[in-house]
Visitor: 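I am attaching a structure below and will ask some questions about it afterwards.
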Amino acid sequence: MLAILMAPESSGEARIVVVASALVLGIPLTLAVKVPFRWRSRVCSLTFTDAALLLMVDGSLRTLSYDEVAKFIWATGTEYSRCVIETKSSRVSLLVGIARPLTSRRPDLPAISDETRRVLIAAGFTVHAESTAYLQLQGPAASSR
């Protein structure tokens with residue numbers, strides 16, 4: 001609308017005004033949306049053992065027994081790759097790819113391995129939803145909710 005009012009006869013000038021407006025407004029708005037995610041970025045690792053999930057966040061270890069987990073989501077392949085672990089009392093979401101990745105690290109999650117899948121199923125998890133880049137498991141705690 002602004003471009004048409006300023007240059008109704010010239011589509012070239014109108015395009016320049018639209019592009020300039022998008023740059024002037026778009027870049028600061030994009031940065032404003034991403035800054036909170038970058039501030040809250042933490043170095044995390046998730047380890048699967050035979051009895052529990054070990055979540056390390058900035059050097060602090062949290063152990064989640066498989067019996068506590070009600071839902072587990074592993075989504076890969078996009079800039080919104082994530083791992084979600086839901087228990088009766090909390091929900092942990094690890095978003096990958098929004099924050100700037102560490103040097104020599106990929107900004108996404110790898111596919112969940114067959115061995116990890118076997119460990120989770122042996123621990124009482126059941127597949128609730130699955131596609132190429134998405135896996136949702138119901139944990140043992142889901143049945144006691």
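Bear in mind the structure is a predicted one, so any value in this text is a computation, not a measurement.
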Visitor: Minimum heavy-atom separation for Ser65 and Ala52, please, with both atom names.
Guide: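 In this case the closest contact between Ser65 and Ala52 is CA-CB, 3.9 Å.
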Visitor: For Gln136 and Tyr134, does a side-chain donor sit closer than 3.5 Å to a side-chain acceptor?
Guide: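 Result is yes, a qualifying pair exists.
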Visitor: Indicate yes or no: at least one non-hydrogen side-chain atom of Ile73 is less than 4.5 angstrom from one of Leu135.
Guide: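 No; the side chains remain at least 4.5 Å from each other.
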Visitor: Hey, does Leu55 have a side-chain heavy atom less than 4.5 Å from the side chain of Thr47?
Guide: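 Thr47 does not reach Leu55 side chain to side chain.
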Visitor: Can you give me the closest heavy-atom contact between Pro28 and Leu23, atom names plus distance?
Guide: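 Closest approach of Pro28 to Leu23: CD-O, 3.7 Å.
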Visitor: Is the backbone of Val84 close enough, under 3.5 Å, to the side chain of Trp74 for a donor and an acceptor to pair up by distance?
Guide: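 Looks like no, no N/O pair under 3.5 Å.
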Visitor: To the nearest 0.5 Å, how far apart are OG1 in Thr63 and CG in Leu54?
Guide: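 The distance works out to 5.0 Å.
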Visitor: Do Ser21 and Val18 come close enough that some side-chain heavy atom pair is under 4.5 Å?
Guide: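 They are not in contact (no side-chain heavy atoms under 4.5 Å apart), so the answer is no.
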Visitor: In Å, rounded to the nearest 0.5 Å, how long is the span from CZ of Arg82 to CG of Leu109?
Guide: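 Rounded to the nearest 0.5 Å, the CZ-CG separation comes to 10.0 Å.
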Visitor: Going by the rule side chain to side chain contact (heavy atoms under 4.5 Å, CB included), which residues pair with Asp50 if we only count those two or more places apart in sequence or in a different chain?
Guide: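 Asp50: side chain to side chain contact (heavy atoms under 4.5 Å, CB included) contacts with Val119.
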Visitor: Please report the closest heavy-atom contact between Pro140 and Ala123, naming both atoms and the distance.
Guide: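 Residues Pro140 and Ala123, closest heavy atoms: CG-O, 3.4 Å.
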Visitor: For the residue pair Glu86 and Gln138, establish whether any side-chain heavy-atom pair is separated by less than 4.5 Å.
Guide: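 No, their side chains stay 4.5 Å or more apart.
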Visitor: Could you grab the distance from atom SG of Cys83 to atom CD1 of Ile112, nearest 0.5 Å is fine?
Guide: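 Reported to 0.5 Å precision, the distance equals 7.5 Å.
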Visitor: Quick one: pull up CE in Met56 and CG in Leu46 and give me the separation to the nearest 0.5 Å.
Guide: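 Between Met56 CE and Leu46 CG, I get 11.0 Å after rounding to 0.5 Å.
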Visitor: Walk me through whether Arg62 and Ser90 qualify under side-chain contact (heavy atoms from CB on, under 4.5 Å).
Guide: CA-CA 12 Å; Arg62 181 173 177 189; Ser90 67; 2.9 Å; yes
Visitor: Do Phe48 and Tyr66 come within less than 4.5 Å of each other through their side chains, counting heavy atoms only?
Guide: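 The answer is yes, as the side chains (C-beta and beyond) meet within the 4.5 Å cut-off.
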Visitor: Any chance you could lay out the side-chain contact (heavy atoms from CB on, under 4.5 Å) test for Arg91 and Ile85, step after step, and finish with the verdict?
Guide: CA-CA 6 Å; Arg91 180 181 173 116; Ile85 304 163; over 6 Å; no
Visitor: If you round to the nearest 0.5 Å, how far is CG of Leu120 from CG of Leu53?
Guide: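 CG of Leu120 is found 6.5 Å from CG of Leu53.
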Visitor: Using the rule that two of Ile, Leu, Val, Met, Phe, Trp, Tyr join whenever any of their side-chain heavy atoms come within less than 4.5 Å, decide whether Val24 and Val19 are in one cluster.
Guide: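 No, separate clusters.
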Visitor: For the residue pair Ala142 and Ala70, what are the closest heavy atoms and their distance?
Guide: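 Where Ala142 meets Ala70 most closely, the heavy atoms are CB-O, 3.4 Å.
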